[in-house]
Q: 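Can you keep this structure in mind? I'll have questions shortly.
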Amino acid sequence: MNNIKINNSLTGKKELFKPITPGHIGMYVCGPTVYNDVHLGNVRTFISFDVVYRYLIYLGYKVRYVRNITDVGHLLNDADSGEDKIAKQAKLLNKEPMEVVQYYTNGFHEVMRNYNNLSPSIEPSATGHIMEQIEMVQEIISNGLAYEVNGSVYFDVNKYNEHNPYGELSGRKIEDLLSNTRALDGQEEKRNPLDFAIWKAADESHIMQWNSPWGKGFPGWHLECSVMSTKYLGKTFDIHGGGMDLKFPHHECEIAQNVGAGGGHPVNYWMHGNMLTVNGQKMSKSAGNGFTPVQLKTGDHPLLEKGYSEMTIRFFMLQSHYGSTLDFSNDALNASEKGFEKLSKAYETLQSLTPSKENTVDIASLQQKCYDAMNDDFNTPILIAHLFDGVKMINSINNGKANIDEENLNKLKSIFNGFLFDVLGLKIEQNNTTSNDISNELMDVILEIRKEAKKTKNYALADHIRDNLSALNITIKDSKEKSTWEIN
RNA sequence: GACAAGAUGGCUGAACGGCUAAGGCAACAGACUGCAAACCUGUUUUGUGUAAGUUCGAAUCUCACUCUUGUCUCCA
């Protein structure tokens, strides 16, 4: 079996991965809050963990992958006293909260599909687990780690910290946190500024609320992940993923809640994906520098020179390691577009290669390198570099400069199918030549005329066609068999 | 301010003490072409923020400095 190493954010070290139950893996990833469109930064995180999921499956593990939908409980303003995000958007749009939730959940799923992410095994929603959340609040209270004030329940961080290291994940010390706490409104109910709401009382103006032992209210944001991961993966599970920006306070609170409810430390390996930046700044909803997937596809954004396909973007993201920041720029995307084209073309060439008797390429070693790359903390950029070694082999064989026998050819095909498609989740995009709309038919006519002109050595006409099409942003690409075209 | 991550060639981005610092893009040359483009092949002498230290050996470890980013309030 393969030895996978994972950079564990809890310890800050690269550790050998050992599942709790051999052959089975439980993985939880914090999903989106469905109150508006996802942006590219969100997409990056989900692609990163999609590849983790895909690789573990590829190795033969049975993986239960849980990714939640947050549809309540995300407070908008400071100090746990603001409005619920979903409820606010519902008021603005004059819709039922669940209507908002459904709309953006659908949109999220569509984006995930377009980027070729696999569906998680379970995608639970916070509103579907209100009872379980109430139960966990009760457990925490009964363990003396939470207190109720005016119908709200707060987690007692100081008390927790007496026996447990609050801040262990993010490397913070409680004294530092205390000394740096800002004075905020709406904290008068808390005994300590670090305390956080696990249940929040709702007045009548709140349009999302449920009955509870403490009156009408709604669950705190951090609670749902603790509850749902426990319910579906057990009190301790293998991998917990999420964006770097969730490390504190969200994941820190999650640990505290699980421990506080008597479950012990919930996660063996914490994985955090790094941020996508734009001109060096974090892409975020609040900064307003986020591209929606649609804008990226069409290029309809001031910072974009043109549109890019989903697979170009997926490839672009996988060319960096999930733990590193990745800076988004037109140059970088153009480079990825070219690179992915080259890879796609080589894949098509691979299908047409014919085996020979002798063999001059080392496919076994290539395959081992691919596994090694992924085993080393899911190092997709290295894997891609090795696949480009494969591209060079494919082209050499195609040019007659190298030979491959049947056994190795089959192995090479399985490497590309396995790592390119199954693991990296890329797919070859079809050109516009297969569809049969009118412009394709017109272009066929034009290219046929040009072909005739070349045949009769009427180069003036052939060049005239090429130049005038070029003026329309249409590029003709000649090859030995036929000419193709594309719009720039 | 506290804590965390980081600074690698023209751009992007790997490496986690040990052969010529990966790969992609760009540039240049060749091959192909009627000529180009595309595809293919090859090449790209000064590149690891600054200054010290540990070591036989440092991009990698230690110290200082400069700068960047993130978290500390909702965010993947």
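In what follows, chains are A, B, ... by sequence order, proteins preceding strands, each numbered from 1. Heavy atoms only: backbone and side chains are in, while hydrogens, waters and symmetry mates are out.
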Q: Taking the side chain of A:N379 as heavy atoms from C-beta outward, which of B:A14, B:U41, B:C35 is closest to it?
A: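 Closest of the options to the side chain of A:N379: B:A14.
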
Q: Looking at residues at least two apart in the chain, or sitting in another chain, which of them share a side-chain hydrogen bond (donor to acceptor under 3.5 Å, both in side chains) with A:S170?
A: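 Partners of A:S170 by the side-chain hydrogen bond (donor to acceptor under 3.5 Å, both in side chains) criterion, ordered by chain and then number, come out as A:R172, A:E252.
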
Q: Do any pairs count as a salt bridge (Lys or Arg N to Asp or Glu O under 4.0 Å) and have a residue in residues 322-346 of chain A, sequence neighbours left out, and if so which ones?
A: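 Residue pairs passing salt bridge (Lys or Arg N to Asp or Glu O under 4.0 Å), neighbours aside: A:K306-A:E337.
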
Q: Considering only atom P, compute the distance from B:U8 to B:C40 and round it to an integer number of Å.
A: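 Per the computed distance, 29 Å lies between those P atoms.
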
Q: Sequence neighbours left out, cut at 3.5 Å: what donor-acceptor pairs do the side chains of residues 362-372 of chain A make with other protein atoms?
A:
| unit_1 | atom_1 | unit_2 | atom_2 | d |
| --- | --- | --- | --- | --- |
| A:D362 | OD1 | A:S365 | N | 3.1 |
| A:Q368 | NE2 | A:D372 | OD1 | 3.0 |

Q: Strictly below 4.0 Å, heavy-atom distances to any atom of RNA chain B: list the hits from residues 111-123 of chain A, or just say none.
A: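 The answer is none.
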
Q: Tell me every residue that passes side-chain hydrogen bond (donor to acceptor under 3.5 Å, both in side chains) with A:K14, counting only those two or more places apart in sequence or in another chain.
A: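 Testing A:K14 for side-chain hydrogen bond (donor to acceptor under 3.5 Å, both in side chains), a comparison that skips the adjacent residues, returns A:D376.
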
Q: Do the side chain of A:N274 and the base of B:G70 come within less than 3.5 angstrom through a donor-acceptor pair of N or O atoms?
A: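 No, no donor-acceptor pair under 3.5 Å.
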
Q: Base, sugar-phosphate alone, or nothing: which one does A:G242 contact when heavy atoms must sit under 4.0 Å apart?
A: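 Sugar-phosphate, backbone atoms only, no base.
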
Q: Can you check the A:D467 CG to B:A36 P distance for me, whole Å?
A: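 That distance rounds to 14 Å.
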
Q: Counting just side-chain N and O atoms, does A:K342 come under 4.0 Å of either OP1 or OP2 of B:C25?
A: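 Answer yes for this pair, as a side-chain N or O of A:K342 is under 4.0 Å from OP1 or OP2.
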
Q: Quick one: is B:C72 close enough that its OP1 or OP2 comes under 4.0 Å of any side-chain N or O from A:S170?
A: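 So the side chain of A:S170 is outside the cut-off, no N or O lying under 4.0 Å from OP1 or OP2 of B:C72.
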
Q: Is any side-chain heavy atom of A:M271 closer than 4.5 Å to one of A:V52?
A: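 The answer is yes; the side chains approach within 4.5 Å.
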
Q: What contact category does A:S324 fall into here, base, sugar-phosphate, or nothing, at under 4.0 angstrom with non-hydrogen atoms?
A: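 Sugar-phosphate, no base atom in range.
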
Q: Are the side chains of A:L56 and A:I4 in touch, meaning some heavy atoms are under 4.5 Å apart?
A: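 In short, these two side chains touch, coming nearer than 4.5 Å.
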
Q: Counting only heavy atoms not in A:H464, do more than 12 sit closer than 6.0 Å to its NE2 atom?
A: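 No, the 6.0 Å shell around NE2 holds no more than 12 heavy atoms from other groups.
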
Q: Ignoring hydrogens and angles, are the base of B:A37 and the side chain of A:R466 linked by a donor-acceptor pair under 3.5 Å?
A: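 Such a pair does not exist between side chain and base.
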
Q: Of the nucleotides B:G24, B:A76, B:U41, which has the atom closest to the A:T33 side chain?
A: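 When the side chain of A:T33 is considered, B:A76 is the closest of B:G24, B:A76, B:U41.
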
Q: When we call it a touch if two heavy atoms are under 4.0 Å apart, what does A:M275 touch: a base, just sugar-phosphate, or nothing?
A: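 Base contact.
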
Q: Taking only N and O in the side chain of A:N334, is any of them less than 4.0 Å away from OP1 or OP2 of B:C25?
A: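 No, no such contact exists.
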
Q: Indicate yes or no: at least one non-hydrogen side-chain atom of A:E310 is less than 4.5 angstrom from one of A:N116.
A: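 No; the side chains remain at least 4.5 Å from each other.
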
Q: Take atom P in B:A76 and the same atom in B:C65, then report the distance between them in whole Å.
A: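 Per the computed distance, 36 Å lies between those P atoms.
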
Q: Is there a side-chain contact between A:L326 and A:M317, using heavy atoms and a 4.5 Å cut-off?
A: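 Yes, side chains in contact.
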
Q: Run the ring-centre check on A:H129 versus A:Y232 and record whether the distance is less than 6.0 Å.
A: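 Yes, ring centres under 6.0 Å apart.
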
Q: For residues A:I198 and A:Y154, determine if any side-chain heavy atom of one lies less than 4.5 Å from a side-chain heavy atom of the other.
A: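 Result no, sub-4.5 Å side-chain heavy-atom pair not found.
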
Q: If you compare every side-chain N and O of A:K282 against the phosphate oxygens of B:U71 (OP1, OP2), does one of them come in below 4.0 Å?
A: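 For B:U71, OP1 or OP2 has a side-chain N or O of A:K282 closer than 4.0 Å.
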
Q: Any stacking of A:Y459 on B:G34, going by centres under 5.5 angstrom and planes within less than 30 degrees?
A: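 According to the criterion (under 5.5 Å, under 30°), yes, A:Y459 stacks.
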
Q: Nearest of B:G34, B:G24, B:G13 to any side-chain atom of A:D327?
A: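 Nearest to the side chain of A:D327 among the choices is B:G13.
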
Q: Checking contacts here: which listed nucleotide (B:C25, B:A76, B:U41) is nearest the side-chain heavy atoms of A:N395?
A: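 Out of B:C25, B:A76, B:U41, the nucleotide with an atom closest to A:N395's side chain is B:U41.
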
Q: What's the closest nucleotide to the side chain of A:P381 if the choices are B:A76, B:A14, B:G42?
A: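 For the A:P381 side chain, the nearest candidate turns out to be B:A14.
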
Q: In terms of the nearest nucleotide of RNA chain B, which residue is placed more toward the 5' end: A:L326 or A:F388?
A: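 Looking at the nearest nucleotide for each, A:L326 comes out on the 5' side.
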
Q: If only side-chain N and O atoms of A:N399 are considered, is one of them under 4.0 Å from the OP1 or OP2 phosphate oxygen of B:U41?
A: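 No, no such contact exists.
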
Q: Sequence neighbours left out, what passes side chain to side chain contact (heavy atoms under 4.5 Å, CB included) with A:I446? Give chain and number order.
A: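 If we apply the side chain to side chain contact (heavy atoms under 4.5 Å, CB included) test to A:I446, skipping adjacent residues, the hits are A:M443, A:I465, A:L469.
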
Q: For RNA chain B, find the residues of residues 308-322 of chain A with a heavy-atom distance under 4.0 Å and give them by number; none if there aren't any.
A: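 The answer is A:Q319, A:S320, A:H321.
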
Q: Counting the benzene-type ring for Trp, do A:F421 and A:Y347 have ring centres under 6.0 Å apart?
A: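 Between A:Y347 and A:F421, which both carry aromatic rings, the centre distance is below 6.0 Å.
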
Q: Of all the base pairs, Watson-Crick or G-U under 3.5 Å, which form stems of three or more consecutive pairs involving RNA chain B?
A: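 The stems that RNA chain B takes part in, listed by first number, are B:1-7 with B:66-72, B:10-12 with B:23-25, B:26-30 with B:40-44.
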
Q: Would you mind classifying the nucleic acid contact of A:K14 as base, sugar-phosphate or nothing, using non-hydrogen atoms under 4.0 angstrom?
A: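 If one applies the 4.0 Å heavy-atom cut-off, A:K14 turns out to touch nothing in the nucleic acid.
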
Q: Taking OP1 and OP2 of B:A26, is either one under 4.0 Å from a side-chain nitrogen or oxygen of A:K338?
A: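 Yes, because at least one side-chain N or O of A:K338 sits under 4.0 Å from OP1 or OP2 of B:A26.
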
Q: Show me the pairs that pass salt bridge (Lys or Arg N to Asp or Glu O under 4.0 Å) and involve residues 386-404 of chain A, at least two apart or across chains.
A: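 Counting only pairs at least two positions apart or across chains, no salt bridge (Lys or Arg N to Asp or Glu O under 4.0 Å) contact touches residues 386-404 of chain A.
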
Q: Where the side chain of A:K392 is defined as all heavy atoms beyond and including C-beta, which of B:C25, B:U71, B:U41 is the nearest nucleotide?
A: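 My answer, after comparing the listed nucleotides, is B:U41.
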
Q: From the list B:A38, B:A76, B:A14, which nucleotide is the closest neighbour of the side chain of A:K345?
A: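 The nucleotide sitting nearest to the side chain is B:A38.
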
Q: Apply side-chain hydrogen bond (donor to acceptor under 3.5 Å, both in side chains) to A:Q209 and list each qualifying residue two or more places apart in sequence or on a separate chain.
A: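 With neighbours one apart ignored, the set is empty.
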
Q: Under the side-chain hydrogen bond (donor to acceptor under 3.5 Å, both in side chains) test, which residues partner A:N8, sequence neighbours left out?
A: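 A:N8 satisfies side-chain hydrogen bond (donor to acceptor under 3.5 Å, both in side chains) with A:E15 once adjacent residues are dropped.
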
Q: A:G31 near the nucleic acid: base, sugar-phosphate alone, or nothing, with a heavy-atom cut-off under 4.0 Å?
A: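 Touches sugar-phosphate only.
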
Q: Under 4.0 Å from any atom of RNA chain B, heavy atoms only: list the residues of residues 469-479 of chain A that qualify, in numerical order.
A: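 Residues of residues 469-479 of chain A under 4.0 Å from RNA chain B: A:I476, A:K477, A:D478.
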
Q: Answer with base, sugar-phosphate or nothing: what part of the nucleic acid does A:K247 contact at a heavy-atom distance below 4.0 Å?
A: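 It contacts nothing in the nucleic acid.
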
